[in-house]
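Step one of this worksheet: look at the structure below.
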Amino acid sequence: GWSFPFPHRQMVTAPLKESFPNLRDEILAGVRQSHLFDVLTADEVAHLVDSAKLCTFAPGEAAVRQGDAGSSLFFVLRGEMSVEVNGNEVARLGQGRMFGEMSLLTGEPRKATVRACTEVILAELSKSAIAELMDSNDKLLERLGEALSRHTASNQQQQEQQVESDAGERSPVDYLKRLRDFFGKG
């Protein structure tokens with residue numbers, strides 16, 4: 001004869017673990033820590049934080065690749081990232097650090113590959129979220145232009161022994177014009 005087993009059920013009474021824990025406070029801390037966004041009001045910061053997208057990467061996975069187009073910047077919420085230029089590691093980024101702002105703000109290709117060293121959770125801020133804030137806060141555009149000028153000068157000092165940069169030296173006014181053009185504000 002034939003026998004049929006009875007169906008079995010398992011009742012789980014423990015609460016489910018969140019796939020992505022609410023990291024809003026960590027995103028908020030990262031945005032507040034960044035000199036780029038210190039000209040924003042509390043409401044503007046809240047809007048930026050709420051627009052952030054969470055991304056996870058396993059060890060060895062690249063969040064961004066050198067030469068690719070970029071339309072977002074990232075905050076490291078958990079884990080550690082390796083920054084590689086032409087295959088050589090030039091820096092490590094831990095919790096609270098930001099990357100990708102140069103491509104986001106200028107439209108230039110990514111200057112480095114950023115790869116996860118450990119399991120990583122990132123907060124991604126898009127070009128559209130930044131553009132919305134530029135419409136309501138004129139000081140943000142100026143701050144971003146100043147930051148781009150400083151960042152470029154710092155990168156040029158670090159890479160003097162490598163291939164000469166095609167960007168050359170630019171002033172905050174040059175970057176302000178480029179930002180206005182890129183975001184359609186000028």
Side-chain angles (χ1 to χ4, degrees), residues 14-40 42 44-134 140 143-144 147-148 150-159 162 165 167 179 182-183:
L16 292 175
K17 184 178 177 184
E18 281 186 90
S19 298
F20 283 102
N22 185 355
L23 299 173
R24 187 179 195 285
D25 290 340
E26 291 180 44
I27 299 169
L28 186 62
V31 170
R32 284 188 176 148
Q33 186 178 348
S34 171
H35 63 282
L36 291 179
F37 303 113
D38 61 4
V39 295
L40 300 179
E44 290 170 334
V45 169
H47 175 72
L48 190 62
V49 168
D50 291 338
S51 71
K53 176 182 153 190
L54 292 177
C55 307
T56 59
F57 293 91
E61 279 189 285
V64 299
R65 295 189 185 279
Q66 185 173 355
D68 287 354
S71 62
S72 57
L73 65 84
F74 300 86
F75 284 98
V76 180
L77 300 178
R78 299 211 178 134
E80 185 177 42
M81 305 292 289
S82 169
V83 181
E84 302 167 2
V85 177
N86 299 325
N88 299 316
E89 184 176 295
V90 295
R92 292 263 176 144
L93 304 175
Q95 183 174 351
R97 297 293 305 273
M98 179 177 63
F99 65 92
E101 68 276 12
M102 292 295 287
S103 290
L104 166 70
L105 299 174
T106 64
E108 293 177 353
R110 302 275 188 197
K111 301 282 187 203
T113 296
V114 183
R115 189 179 308 280
C117 299
T118 63
E119 186 171 316
V120 173
I121 299 177
L122 304 176
E124 181 178 10
L125 298 175
S126 69
K127 176 183 175 183
S128 61
I130 304 290
E132 285 179 36
L133 292 175
M134 286 182 180
L140 179 59
R143 175 59 49 94
L144 295 174
L148 287 173
R150 280 194 311 271
H151 192 87
T152 300
S154 173
N155 282 350
Q156 286 175 344
Q157 288 174 353
Q158 292 175 357
Q159 297 175 357
Q162 294 182 2
S165 172
L179 282 168
F182 184 67
F183 282 96

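Quick caveat: nothing in here was measured; it's all calculated off a predicted structure.
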Taking all atoms of both residues into account, what is the closest heavy-atom pair of [X] and [Y], and its distance?
X	Y	answer
Ala62	Phe57	O-CE2, 3.7 Å
Arg65	Arg110	O-CB, 3.3 Å
Met81	Ala63	CE-CB, 3.9 Å
Phe75	Gly30	CE2-O, 3.2 Å
Cys117	Pro59	O-CB, 3.7 Å
Thr106	Phe182	O-CD1, 3.8 Å

Inset, instruction - Please check if atom CZ in Arg32 has more than 12 non-hydrogen atoms from other residues, nucleotides or ligands closer than 6.0 Å. - result: no
Inset, instruction - Evaluate whether atom CD of Glu119 has more than 12 neighbouring non-hydrogen atoms of other residues, nucleotides or ligands under 6.0 angstrom away. - result: no
Inset, instruction - Carefully, step by step, assess Val76 and Leu122 under the rule side chain to side chain contact (heavy atoms under 4.5 Å, CB included). - result: CA-CA 5 Å; Val76 180; Leu122 304 176; 3.9 Å; yes
Legend entry - Cationic N near anionic O, under 4.0 Å, Glu26 to Arg78: yes
Inset, instruction - Determine, step by step, whether Leu73 and Leu105 satisfy the side chain to side chain contact (heavy atoms under 4.5 Å, CB included) criterion, reporting the C-alpha distance in whole Å, the side-chain angles of both residues, the deciding distance to 0.1 Å, and the verdict. - result: CA-CA 9 Å; Leu73 65 84; Leu105 299 174; 5.7 Å; no
Inset, instruction - Evaluate the side chain to side chain contact (heavy atoms under 4.5 Å, CB included) criterion for residues Asp50 and Arg24: first the C-alpha distance (whole Å), next the side-chain angles of each, then the deciding distance (0.1 Å), finally the verdict. - result: CA-CA 8 Å; Asp50 291 338; Arg24 187 179 195 285; 2.9 Å; yes
Could you state the interatomic distance from [atom1] ([X]) to [atom2] ([Y]), rounded to the nearest 0.5 Å?
X	Y	atom1	atom2	result
His47	Glu132	NE2	CD	4.0 Å
Lys127	Ser71	NZ	OG	8.0 Å
Leu144	Leu140	CG	CG	4.5 Å
Gln33	Gln95	CD	CD	9.0 Å

Answer yes or no: is there a side-chain heavy-atom contact under 4.5 Å between [X] and [Y]?
X	Y	answer
Phe37	Glu44	no
Leu125	Leu104	no
Val64	Thr113	no

For the pair [X] (side chain) and [Y] (backbone), establish whether a donor and an acceptor sit closer than 3.5 Å, ignoring hydrogens and angles.
X	Y	answer
Ser34	Val31	no
Ser126	Ser72	no
Ser103	Glu108	yes
Arg115	Gly60	yes
Thr118	Gly79	no

Inset, instruction - Give the intermediate values and the outcome of side chain to side chain contact (heavy atoms under 4.5 Å, CB included) for residues Asn86 and Gln66. - result: CA-CA 8 Å; Asn86 299 325; Gln66 185 173 355; 3.0 Å; yes
Inset, instruction - Describe, in one word, how the ring planes of Phe99 and Phe74 are oriented to each other, choosing from parallel (under 30°), tilted (30 to 60°) and perpendicular (over 60°). - result: parallel
